[in-house]
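Notes to accompany the following structure.
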Amino acid sequence: MAKAQNPYYPIETEILEVIEETPTIKTFLLQPQEPIPFKAGQFMELTVPGLGEAPFTPSSSPLQTEKMEITVLRTGTVTDALHEMKAGQKLGLRGPFGKGYPVEKLYGKEVLVVGGGVGLAPLRSLIYTLLDDIGKFKRVSIKYGARTPQELCFRSEFEEWGSKKGVDMKVTIDLPAPGWTGTVGLVTVLLEKLNIDLKNSYAVSCGPEVMLKFVTLKLLEEGFEPEQIYLSMNRNMSCGVGKCGHCIVGRYFLCKDGPDMCYADIMDVPNLFG
Ligand SMILES: Cc1cc2nc3c(=O)[nH]c(=O)nc-3n(C[C@H](O)[C@H](O)[C@H](O)COP(=O)(O)OP(=O)(O)OC[C@H]3O[C@@H](n4cnc5c(N)ncnc54)[C@H](O)[C@@H]3O)c2cc1C
Ligand code: FES
């Protein structure tokens with residue numbers, strides 16, 4: 001069995017470049033020993049040798065299989081170690097796992113992409129997928145929020161995304177900051193009075209659980225049905241293949257059935273947002 005087909009076998013991967021996105025977020029351009037095809041929203045288990053594994057969703061385009069980008073917020077043991085790593089060092093990657101975003105379902109629809117903080121990383125892979133075939137979608141509206149201007153991830157790409165025909169890009173930061181002349185407020189302020197064809201829309205959101213909760217409530221208030229909302233449920237995962245049970249939510253294994261879940265399928269789960 002080729003390494004890429006064995007879900008437990010990490011593929012040796014070299015770090016080609018480390019890009020500092022924000023003071024707490026870095027993107028790692030990776031070169032796996034063999035190409036790893038994936039769909040936007042599927043995730044990888046990344047091994048830092050001698051330390052351990054953690055799940056990350058590639059932030060690069062699925063059309064680029066030779067190299068892969070993974071964008072990482074520094075938060076604990078594995079991510080601390082990763083942030084210290086340099087070009088030329090080796091990692092392991094196994095996967096991809098999960099189903100990925102339901103891109104075909106979005107054809108012909110208005111697509112609302114709502115991200116918070118490092119949550120834009122998995123969504124960037126989706127954004128590239130949508131923008132690459134923009135004619136297939138009625139409109140793509142990207143709404144992104146971060147705490148401060150310095151914490152905006154992929155800021156250098158916003159202008160290009162927003163300038164594409166059929167794309168609307170809006171950004172907000174939580175609190176006023178020196179030099180910031182854009183919108184201020186949580187990402188939900190960008191969901192006020194949405195000028196979209198509601199019946200023909202889907203929303204896809206990724207960010208901290210508390211953000212997902214308030215985004216969902218706002219979308220419902222604006223008239224979205226639970227069936228029209230997809231949430232990236234990035235809960236702790238371990239095996240990635242439905243064996244360990246770390247990721248169970250209701251009757252679903254997020255690693256196999258998600259991590260992007262239709263809200264209608266999980267809305268009755270107690271304490272869904274932690
Ligand atoms: C499917 C999936 C995709 C993900 N994609 C990305 C990504 O693209 N970029 C990225 O930066 N992170 C992503 N994450 C989160 C990432 O896996 C965790 O931040 C990482 O595992 C933390 O490992 P650590 O050893 O550095 O932290 P630990 O030392 O294990 O924990 C440090 C702190 O982080 C918290 N934490 C650990 N895991 C998570 C988690 N999954 N969500 C929220 N808090 C957590 C712990 O509760 C603790 O407070 C993803 C998670 C999942 C499940
Ligand atoms: S991560 Fe092991 S069952 Fe989902």
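Each ligand, and each atom within it, is numbered from 1 in the order the structure gives.
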Item to check | Heavy-atom side-chain contact between Leu131 and Trp161 under 4.5 Å | outcome: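 Yes, close enough: below the 4.5 Å cut-off.
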Under 3.5 Å, is there a donor on one side chain and an acceptor on the other for [X] and [Y]?
X      : Y      : result
Thr24  : Glu151 : yes
Tyr101 : Ser232 : yes
Thr27  : Glu21  : yes

I'd like the name of whichever of [options] reaches closest to [atom] through any heavy atom.
atom                    : options                    : value
atom 16 (C) of ligand 1 : Cys247, Pro55, Ala54       : Pro55
atom 26 (O) of ligand 1 : Leu51, Asp80, Ile70, Thr79 : Thr79
atom 7 (C) of ligand 1  : Leu73, Val72, Thr71        : Thr71

Next on the checklist: In the complex you have, is atom 46 (C) of ligand 1 within reach of the protein, judged by whether a heavy-atom distance drops under 4.0 Å?
Outcome noted: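 When distances to the protein are checked, atom 46 (C) of ligand 1 has no heavy atom within 4.0 Å.
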Item to check | Within-cutoff protein neighbour (heavy atom, under 4.0 Å) for atom 10 (C) of ligand 1 | outcome: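 Given the 4.0 Å limit, the answer for atom 10 (C) of ligand 1 is yes, a protein heavy atom qualifies.
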Checklist entry - Mind checking what makes side-chain hydrogen bond (donor to acceptor under 3.5 Å, both in side chains) contact with Glu69, not counting sequence neighbours? => result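 Partners of Glu69 by the side-chain hydrogen bond (donor to acceptor under 3.5 Å, both in side chains) criterion, ordered by chain and then number, come out as Arg124.
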For [atom], find the nearest protein heavy atom and state the residue, atom name and distance (0.1 Å precision).
atom                    : value
atom 25 (O) of ligand 1 : Val78 N, 2.8 Å
atom 36 (N) of ligand 1 : Asn236 OD1, 4.3 Å
atom 53 (C) of ligand 1 : Arg235 O, 2.8 Å
atom 33 (C) of ligand 1 : Thr75 OG1, 3.5 Å
atom 42 (N) of ligand 1 : Asn234 O, 3.4 Å
atom 5 (N) of ligand 1  : Thr57 N, 3.2 Å
atom 29 (O) of ligand 1 : Thr77 N, 3.0 Å

Next on the checklist: Evaluate Lys218 against Glu192 for salt bridge (charged side-chain N to carboxylate O under 4.0 Å, His left out), listing each step before the verdict.
Outcome noted: CA-CA 8 Å; Lys218 187 70 191 161; Glu192 295 280 351; 3.4 Å; yes
Item to check | Test of proximity, Gly76 against ligand 1: N or O pairs below 3.5 Å | outcome: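 For ligand 1, there is an N or O atom that lies under 3.5 Å from one belonging to Gly76.
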Checklist entry - Quick check: does Ala121 get an N/O under 3.5 Å from an N/O on ligand 1? => result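 No: no nitrogen or oxygen of Ala121 is under 3.5 Å from one in ligand 1.
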Could you check whether [X] pairs with [Y] (Lys NZ or Arg NE/NH1/NH2 to Asp/Glu carboxylate O, under 4.0 Å)?
X      : Y      : value
Glu104 : Lys136 : no
Asp80  : Arg74  : yes
Asp197 : Arg139 : no
Glu209 : Lys213 : no

Checklist entry - Do you know the tightest heavy-atom contact between Pro176 and Val184? => result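 In terms of heavy atoms, the two residues are closest at N-CG1, 3.5 Å.
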Using a heavy-atom cut-off of under 4.0 Å, does the side chain or the backbone of [X] touch ligand 1, or both, or neither?
X      : value
Phe56  : both
Ile25  : neither
Val118 : side chain

Checklist entry - Is it true that a side-chain atom of Gln42 and a backbone atom of Lys39 form a donor plus acceptor pair closer than 3.5 Å? => result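 The answer is yes, because a donor-acceptor pair under 3.5 Å joins these two groups.
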Checklist entry - Within the distance-only criterion (no hydrogens, no angle test), does the side chain of Thr172 pair as donor or acceptor with the backbone N or O of Gly185 below 3.5 angstrom? => result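 Present.
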Next on the checklist: I'd like the residue list for ligand 2, meaning every protein residue with a non-hydrogen atom under 4.0 Å from the ligand.
Outcome noted: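 Only Met237, Ser238, Cys239, Gly240, Gly242, Lys243, Cys244, Gly245, Cys247, Phe253, Cys255 have heavy atoms that fall under 4.0 Å of ligand 2, ordered by chain and number.
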Item to check | Lys256 atom NZ: more than 12 heavy-atom contacts under 6.0 Å | outcome: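 Counting other residues, nucleotides and ligands, NZ of Lys256 stays at 12 neighbours or fewer.
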